[in-house]
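Have a look at the structure below before the remarks.
Numbering starts at 1 and runs along the sequence shown. One-based numbering, in listed order, for ligands and for the atoms of each. Bear in mind the structure is a predicted one, so any value in this text is a computation, not a measurement.
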Amino acid sequence: MALILDGIQIRDQILQEAKPRVAALKRPPGLAVVLVGEDPASEIYVRNKIKACHDLGIYSEKYAPPTSVTTAELLALIDQLNQQDTIDSILVQMPLPAHIDFSAVLQAIHPSKDSDGFHPFNMGQLVANGPGPRACTPAGVMEVLRRHQIPIEGKRAVVVGRSEIVGKPMALMLLQANATVTLCHSRTRALADECQRADILVAAIGKPAFITREHIRKGAVVIDVGINRVSDPVQAAAIFRNDEKAMANLKVRGSLVVGDANPLDMAELSSAYTPVPGGVGPLTIAMLMMNTIYLSERRQA
Ligand code: GUN
């Protein structure tokens with residue numbers, strides 16, 4: 001039986017450990033969240049981020065400019081937040097509408113207030129093993145591995161997906177922990193063969209149940225970073241092999257949340273895995289809180 005790596009339990013542990021650090025500060029840490037437009041998934045993420053701040057005693061501000069906002073207007077908002085003393089951490093929720101120059105936006109956030117560690121300076125710090133805020137989702141994955149004492153050093157880690165938000169920083173963090181890392185992507189040849197070599201397989205592609213039994217070596221640790229919604233009954237039936245409970249849930253809810261790995265194959269073949277939902281997802285928010293506290297400690301030191 002595979003071990004289920006419970007992200008909710010680890011999130012609660014991390015948030016519990018964060019409380020005395022918040023209490024020790026003269027001024028509460030401050031997070032500004034910028035959500036452009038009306039993407040329903042992003043709205044849920046942002047609501048959960050604000051709630052997590054509230055529960056921890058972190059001050060938060062939310063800005064929700066309309067989809068029609070210009071890059072220049074967004075840069076002006078970030079400039080104002082860069083200068084605002086009560087704000088330690090600025091998060092611009094991705095994805096941004098196509099007309100926004102997202103790279104200009106990320107570079108406008110002062111590196112000392114960069115919630116996500118996406119600024120090129122902080123990405124450079126990651127490459128150079130320097131200090132800095134680290135991208136929240138891969139940092140959360142490292143916490144899962146560390147807190148479950150899953151060995152990384154000398155292991156073969158395969159990351160599928162090379163996004164700036166997850167895949168690239170994930171590969172670098174595993175490398176820093178002395179894994180032998182392979183970073184696969186949409187142009188990788190013989191992907192299943194690459195994945196079959198993995199002791200630790202990280203799926204960060206953004207396609208429901210893309211990783212299947214042909215990719216998973218028996219006994220591998222599988223980390224599923226994906227959060228996808230499946231509403232097509234034919235697709236759901238194929239993924240869950242007509243499982244009665246899953247199909248009943250689909251009828252009631254209209255859609256199912258599915259990761260990037262097939263949940264049945266992952267449970268059957270892996271030695272340990274993160275479920276979706278309830279695996280990596282809750283940790284992203286916990287790590288955002290930790291980054292915000294860290295940035296505030298640095299600014300108040
Ligand atoms: N969208 C999906 N994941 C993330 C994240 O970690 N940070 C930001 N800013 N946007 C996201």
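The main-chain N or O of Thr274 is never found under 3.5 Å from a side-chain atom of Asp224 such that the two would form a donor-acceptor pair.
Within a 6.0 Å radius of OH in Tyr63, more than 12 heavy atoms belonging to other residues, nucleotides or ligands are found.
At a threshold of 4.0 Å, the pair Asp55-Lys51 counts as salt-bridged, since one of the basic side-chain nitrogens sits closer than that to a carboxylate oxygen. By the 4.0 Å N-to-carboxylate-O rule, Arg298 lies too far from Asp88 to be salt-bridged with it. The existence of a salt bridge linking Asp6 and Arg147 is excluded, since no basic side-chain nitrogen approaches an acidic carboxylate oxygen closer than 4.0 Å.
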Tabulation required: pairs of a nitrogen or oxygen in ligand 1 and a protein nitrogen or oxygen under 3.5 Å; columns are atom names and distance to 0.1 Å; otherwise 'none'.
{"unit_1": "ligand 1", "atom_1": "1 (N)", "unit_2": "Gln93", "atom_2": "NE2", "d": "3.3"}
{"unit_1": "ligand 1", "atom_1": "1 (N)", "unit_2": "Met94", "atom_2": "O", "d": "3.0"}
{"unit_1": "ligand 1", "atom_1": "7 (N)", "unit_2": "Asp116", "atom_2": "OD1", "d": "3.0"}
{"unit_1": "ligand 1", "atom_1": "7 (N)", "unit_2": "Asp116", "atom_2": "OD2", "d": "3.4"}
{"unit_1": "ligand 1", "atom_1": "9 (N)", "unit_2": "Val92", "atom_2": "O", "d": "2.9"}
{"unit_1": "ligand 1", "atom_1": "9 (N)", "unit_2": "Asp116", "atom_2": "OD2", "d": "2.8"}
{"unit_1": "ligand 1", "atom_1": "10 (N)", "unit_2": "Met94", "atom_2": "N", "d": "3.0"}

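Judged as a side-chain hydrogen bond (donor to acceptor under 3.5 Å, both in side chains), and not counting sequence neighbours, Gln125 has no contacts.
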